[in-house]
Amino acid sequence: MEIVLHITDDLLERCAMQALPESDVIPLKEHLMIYPDCRERLHAEIEFVTAMRGAAAQIREVAKS
C-alpha cells in the first residue's frame with residue numbers, strides 16, 4: 001500500500017501567491033507533475049488569487065475617486 005501526502009491548502013495558497021521559499025519550489029513542481037488533482041487545485045487557487053488581486057485593485061481605484 002502506497003501512502004501519498006498531497007499538497008496542503010496553505011502550501012497551494014503560498015505557491016499561487018508566489019510566496020514559497022526556493023527550497024520548496026522543486027519538490028512542489030515534481031509533485032504537481034505526478035498528481036493531476038493537485039495541479040487542478042493549484043490552478044483553482046491561482047484563479048482565486050488573481051480574482052482577489054483584481055478586486056483589490058478595483059477597490060483601490062474606486063477609493064481614489
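We number each residue from 1, following the sequence as shown. Just so it is clear, the model here is predicted, and its values are computed rather than measured.
V49 and L11 are members of different hydrophobic clusters when ILVMFWY side chains are connected at heavy-atom separations under 4.5 Å.
Residue A16 comes nearest to L42 through the heavy atom pair N-CD1, 4.2 Å, listed as atom of the first residue, atom of the second, then distance. The minimum heavy-atom distance linking L12 with C38 is given by the pair CD2-O, 4.2 Å. Taking each heavy atom of R41 and D9 in turn, the nearest pair found is NH2-OD1, 2.7 Å.
To the nearest 0.5 Å, the span separating CD on E13 from CD1 on I46 amounts to 12.0 Å. Residue C15 holds its SG atom at 6.5 Å from CG of L32, rounded to the nearest 0.5 Å. The distance from atom CD1 of I26 to atom CG of L20, rounded to the nearest 0.5 Å, is 12.0 Å.
Summarising the local packing, CD1 of I34 is surrounded by more than 12 heavy atoms from other residues, nucleotides or ligands at distances under 6.0 Å.
At a threshold of 4.5 Å between non-hydrogen side-chain atoms, the residues H31 and I7 count as touching. Between M17 and M52, every side-chain heavy-atom pair lies at or beyond the 4.5 Å cut-off.
Annotation: salt bridge (Lys or Arg N to Asp or Glu O under 4.0 Å) contacts of K29 (sequence neighbours excluded): none.
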